[in-house]
Amino acid sequence: MFCAKCGTRVAPEAVQCTLCGTLLPGHDASELRTPDRMLVLEPVRYGGFWRRFVALLLDTLVLYFPAATIRVLLGLPAVNLFNTINVDSSATMLASSLELFIDWFYAVLFVTSPARATLGMMVMDLQLTGLAGERVSFARATGRYFAQFLTIATVGIGYVIQPFTSRRQTLHDMLSSTVVVRPAPAPAPLGMPAIRTMS
(Lines give C-alpha, C1' and ligand atoms only; values in the text may rest on other atoms or scores of the structure.)
Protein backbone atom coordinates (compact mmCIF):
# COMPACT_ATOMS: atom_id res chain seq x y z
CA MET A 1 0.00 0.00 0.00
CA PHE A 2 1.16 3.52 -0.74
CA CYS A 3 0.23 6.83 0.85
CA ALA A 4 -1.94 8.85 -1.52
CA LYS A 5 -0.36 12.11 -0.37
CA CYS A 6 3.40 11.46 -0.39
CA GLY A 7 3.71 8.07 -2.10
CA THR A 8 5.49 6.34 0.79
CA ARG A 9 5.10 2.55 1.02
CA VAL A 10 3.25 1.65 4.23
CA ALA A 11 2.35 -1.62 5.91
CA PRO A 12 -1.15 -2.99 5.12
CA GLU A 13 -2.15 -2.76 8.81
CA ALA A 14 -0.95 0.85 9.20
CA VAL A 15 -3.45 3.50 10.27
CA GLN A 16 -1.47 6.49 9.08
CA CYS A 17 1.51 7.17 6.82
CA THR A 18 4.76 6.77 8.74
CA LEU A 19 6.33 9.71 6.90
CA CYS A 20 3.70 12.42 6.43
CA GLY A 21 1.12 11.32 9.04
CA THR A 22 -1.82 11.22 6.61
CA LEU A 23 -4.68 8.94 7.65
CA LEU A 24 -4.93 5.98 5.32
CA PRO A 25 -8.20 4.95 3.61
CA GLY A 26 -10.54 2.97 5.86
CA HIS A 27 -9.32 4.57 9.10
CA ASP A 28 -10.39 7.56 11.15
CA ALA A 29 -8.76 9.75 13.80
CA SER A 30 -10.41 7.85 16.67
CA GLU A 31 -8.06 4.94 16.00
CA LEU A 32 -5.11 7.14 16.90
CA ARG A 33 -6.40 7.80 20.42
CA THR A 34 -4.89 5.82 23.27
CA PRO A 35 -5.81 6.04 26.97
CA ASP A 36 -2.96 8.38 27.82
CA ARG A 37 -1.97 10.06 24.57
CA MET A 38 -3.45 11.48 21.41
CA LEU A 39 -1.23 11.42 18.35
CA VAL A 40 -1.37 14.72 16.52
CA LEU A 41 -1.14 14.50 12.77
CA GLU A 42 1.69 16.82 11.78
CA PRO A 43 2.60 17.44 8.16
CA VAL A 44 6.17 16.50 7.30
CA ARG A 45 8.47 19.49 7.34
CA TYR A 46 11.09 18.85 4.68
CA GLY A 47 14.48 20.52 4.87
CA GLY A 48 14.48 23.67 2.75
CA PHE A 49 17.19 24.63 0.28
CA TRP A 50 18.84 27.37 2.34
CA ARG A 51 18.64 25.45 5.59
CA ARG A 52 20.39 22.51 3.95
CA PHE A 53 22.91 24.85 2.31
CA VAL A 54 23.90 26.36 5.66
CA ALA A 55 24.20 22.86 7.17
CA LEU A 56 26.54 21.92 4.31
CA LEU A 57 28.67 25.01 4.93
CA LEU A 58 28.92 24.17 8.63
CA ASP A 59 29.96 20.59 7.85
CA THR A 60 32.54 21.88 5.36
CA LEU A 61 33.95 24.10 8.11
CA VAL A 62 34.09 21.17 10.55
CA LEU A 63 35.88 18.98 8.00
CA TYR A 64 38.33 21.71 6.96
CA PHE A 65 40.46 21.38 10.09
CA PRO A 66 41.33 17.67 9.87
CA ALA A 67 41.89 18.01 6.11
CA ALA A 68 44.18 21.01 6.56
CA THR A 69 46.11 19.23 9.32
CA ILE A 70 46.72 16.21 7.08
CA ARG A 71 47.87 18.41 4.20
CA VAL A 72 50.27 20.41 6.37
CA LEU A 73 51.74 17.24 7.91
CA LEU A 74 52.39 15.95 4.38
CA GLY A 75 54.15 19.19 3.41
CA LEU A 76 51.29 20.53 1.28
CA PRO A 77 49.44 23.86 1.44
CA ALA A 78 46.65 23.84 4.03
CA VAL A 79 44.07 24.77 1.39
CA ASN A 80 43.65 23.16 -2.01
CA LEU A 81 41.64 25.97 -3.60
CA PHE A 82 40.96 24.27 -6.91
CA ASN A 83 40.65 20.76 -5.47
CA THR A 84 43.26 19.51 -7.90
CA ILE A 85 44.96 16.13 -7.60
CA ASN A 86 48.51 15.80 -8.83
CA VAL A 87 48.81 12.13 -9.76
CA ASP A 88 52.60 12.49 -9.89
CA SER A 89 52.75 13.49 -6.21
CA SER A 90 52.34 10.68 -3.67
CA ALA A 91 51.75 13.25 -0.91
CA THR A 92 48.86 14.82 -2.84
CA MET A 93 47.33 11.44 -3.62
CA LEU A 94 47.63 10.34 0.00
CA ALA A 95 46.12 13.61 1.28
CA SER A 96 43.21 13.39 -1.16
CA SER A 97 42.55 9.76 -0.25
CA LEU A 98 42.58 10.51 3.49
CA GLU A 99 40.31 13.54 3.02
CA LEU A 100 37.83 11.42 1.06
CA PHE A 101 37.89 8.73 3.74
CA ILE A 102 37.34 11.28 6.55
CA ASP A 103 34.50 12.99 4.67
CA TRP A 104 32.80 9.65 3.98
CA PHE A 105 33.26 8.34 7.51
CA TYR A 106 32.01 11.59 9.07
CA ALA A 107 28.89 11.72 6.91
CA VAL A 108 27.95 8.05 7.20
CA LEU A 109 28.74 7.74 10.91
CA PHE A 110 26.57 10.68 11.90
CA VAL A 111 23.54 10.09 9.65
CA THR A 112 23.31 6.44 10.73
CA SER A 113 23.55 7.37 14.41
CA PRO A 114 20.45 7.89 16.59
CA ALA A 115 20.77 11.64 15.84
CA ARG A 116 20.35 10.88 12.09
CA ALA A 117 22.27 14.04 11.29
CA THR A 118 25.74 15.49 10.83
CA LEU A 119 26.84 18.29 13.15
CA GLY A 120 25.78 20.92 10.62
CA MET A 121 22.39 19.26 10.21
CA MET A 122 21.93 19.15 13.99
CA VAL A 123 22.56 22.89 14.23
CA MET A 124 20.02 23.51 11.46
CA ASP A 125 17.45 21.10 12.97
CA LEU A 126 17.56 18.56 10.15
CA GLN A 127 17.55 14.77 9.99
CA LEU A 128 18.10 12.21 7.24
CA THR A 129 15.55 9.39 7.02
CA GLY A 130 14.32 6.77 4.60
CA LEU A 131 11.06 7.33 2.74
CA ALA A 132 9.13 5.58 5.53
CA GLY A 133 10.77 7.66 8.25
CA GLU A 134 13.21 4.91 9.26
CA ARG A 135 16.87 5.36 10.14
CA VAL A 136 19.05 4.74 7.09
CA SER A 137 21.46 1.82 7.03
CA PHE A 138 25.23 2.10 6.76
CA ALA A 139 25.10 0.77 3.19
CA ARG A 140 22.39 3.21 2.09
CA ALA A 141 24.21 6.14 3.70
CA THR A 142 27.38 5.11 1.86
CA GLY A 143 25.49 4.92 -1.43
CA ARG A 144 24.00 8.36 -0.79
CA TYR A 145 27.42 9.81 -0.03
CA PHE A 146 28.94 8.62 -3.32
CA ALA A 147 25.76 9.54 -5.23
CA GLN A 148 26.61 13.16 -4.34
CA PHE A 149 29.38 12.98 -6.94
CA LEU A 150 26.70 12.40 -9.59
CA THR A 151 24.82 15.43 -8.24
CA ILE A 152 28.00 17.49 -8.54
CA ALA A 153 28.61 16.12 -12.06
CA THR A 154 25.31 17.71 -13.18
CA VAL A 155 26.97 21.12 -12.70
CA GLY A 156 24.81 21.73 -9.65
CA ILE A 157 21.47 20.93 -11.30
CA GLY A 158 21.08 17.97 -8.95
CA TYR A 159 21.07 20.47 -6.07
CA VAL A 160 18.99 23.16 -7.79
CA ILE A 161 16.06 20.79 -8.41
CA GLN A 162 15.61 20.36 -4.65
CA PRO A 163 13.03 23.15 -4.09
CA PHE A 164 10.95 21.90 -7.02
CA THR A 165 10.50 18.26 -5.95
CA SER A 166 7.55 17.18 -3.83
CA ARG A 167 9.74 15.93 -0.98
CA ARG A 168 12.50 18.54 -1.41
CA GLN A 169 14.95 15.87 -2.59
CA THR A 170 18.24 16.44 -4.36
CA LEU A 171 19.40 14.00 -7.02
CA HIS A 172 21.41 11.94 -4.53
CA ASP A 173 18.39 11.83 -2.18
CA MET A 174 16.30 10.38 -5.01
CA LEU A 175 18.95 7.84 -5.95
CA SER A 176 19.25 6.63 -2.35
CA SER A 177 15.51 6.86 -1.48
CA THR A 178 16.12 9.27 1.40
CA VAL A 179 14.64 12.56 2.53
CA VAL A 180 15.93 15.36 4.74
CA VAL A 181 13.29 16.45 7.22
CA ARG A 182 12.88 18.68 10.23
CA PRO A 183 12.01 16.45 13.19
CA ALA A 184 8.47 16.84 14.45
CA PRO A 185 8.06 17.76 18.11
CA ALA A 186 6.91 14.89 20.30
CA PRO A 187 3.16 15.02 21.04
CA ALA A 188 2.26 16.02 24.58
CA PRO A 189 0.20 13.53 26.65
CA LEU A 190 -3.47 14.30 27.12
CA GLY A 191 -4.64 15.50 30.46
CA MET A 192 -1.43 17.25 31.44
CA PRO A 193 -2.08 19.90 34.07
CA ALA A 194 -1.85 23.47 32.85
CA ILE A 195 1.19 25.40 33.93
CA ARG A 196 0.19 28.20 36.22
CA THR A 197 2.27 31.26 36.79
CA MET A 198 2.36 33.26 39.98
CA SER A 199 0.65 36.62 39.62
Side-chain angles (χ1 to χ4, degrees), residues 1-29 31-34 37-59 103-154 156-187:
M1 178 184 290
F2 294 87
C3 173
K5 181 177 180 181
C6 70
T8 300
R9 183 187 297 273
V10 293
E13 67 275 6
V15 175
Q16 66 183 127
C17 175
T18 53
L19 184 63
C20 70
T22 301
L23 275 173
L24 298 174
H27 300 282
D28 57 55
E31 297 179 64
L32 299 175
R33 186 180 294 275
T34 61
R37 185 178 293 269
M38 176 69 180
L39 296 178
V40 179
L41 295 179
E42 293 275 349
V44 175
R45 300 181 302 162
Y46 296 106
F49 181 84
W50 292 111
R51 185 175 288 271
R52 291 182 64 172
F53 179 73
V54 172
L56 178 62
L57 288 181
L58 293 173
D59 286 329
D103 288 355
W104 163 78
F105 189 70
Y106 169 84
V108 172
L109 180 69
F110 276 94
V111 299
T112 57
S113 71
R116 303 183 185 197
T118 61
L119 297 176
M121 293 172 70
M122 291 180 202
V123 171
M124 299 308 296
D125 192 30
L126 296 171
Q127 288 184 343
L128 179 75
T129 73
L131 297 182
E134 77 279 13
R135 192 195 306 183
V136 298
S137 67
F138 191 87
R140 192 195 293 193
T142 296
R144 181 181 184 271
Y145 175 81
F146 287 106
Q148 290 181 86
F149 295 107
L150 293 176
T151 303
I152 294 168
T154 63
I157 294 174
Y159 287 110
V160 175
I161 63 171
Q162 190 261 354
F164 305 103
T165 60
S166 60
R167 299 178 190 173
R168 303 298 185 263
Q169 291 173 293
T170 58
L171 178 60
H172 54 277
D173 289 327
M174 294 177 186
L175 292 173
S176 59
S177 297
T178 58
V179 288
V180 175
V181 298
R182 297 185 64 190

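Every residue meeting the side-chain contact (heavy atoms from CB on, under 4.5 Å) condition with Val123, not counting sequence neighbours, appears here in chain and number order: Leu58. Under the rule for a side-chain contact (heavy atoms from CB on, under 4.5 Å), the partners of Ser113 that lie at least two apart in sequence or sit in another chain are Ala115. Evaluation of the ring pair (Phe, Tyr, Trp, His ring centres under 6.0 Å) rule for Phe49 yields no partner, not counting sequence neighbours. Scanning for side chain to side chain donor-acceptor pair (under 3.5 Å) contacts around Thr142 gives Trp104, with sequence neighbours left out. Thr112 pairs by the side chain to side chain donor-acceptor pair (under 3.5 Å) definition with nothing, not counting sequence neighbours.
For the ring pair (Phe, Tyr, Trp, His ring centres under 6.0 Å) condition, the pairs that include at least one residue of residues 110-137, sequence neighbours left out, are Tyr106-Phe110. Residues in residues 139-151 take part in these salt bridge (Lys or Arg N to Asp or Glu O under 4.0 Å) pairs, two or more places apart or across chains: Glu134-Arg140, Arg144-Asp173. Screening residues 109-120 for salt bridge (Lys or Arg N to Asp or Glu O under 4.0 Å), with sequence neighbours left out, gives no hits.
In this structure, Leu150 and Leu175 have side chains that are in contact, with non-hydrogen atoms separated by less than 4.5 Å. Residues Val180 and Gln127 have side chains not in contact (no heavy-atom distance under 4.5 Å, counting atoms from C-beta outward). No side-chain heavy atom of Thr178 sits under 4.5 Å from any side-chain heavy atom of Leu131.
A donor-acceptor distance shorter than 3.5 angstrom exists from the side chain of Asp59 to the backbone of Gly120, with no hydrogens or angles considered. With Arg51 contributing its side chain and Met124 its backbone, the two residues share a donor-acceptor pair below 3.5 Å. At distances below 3.5 Å, at least one donor-acceptor pair connects side-chain atoms of Thr151 with backbone N or O atoms of His172. Under a 3.5 Å cut-off, the side chain of Gln148 and the backbone N or O of Leu171 do not form any donor-acceptor pair. In this structure a side-chain-to-backbone donor-acceptor pair under 3.5 Å is missing from Arg45 to Val181.
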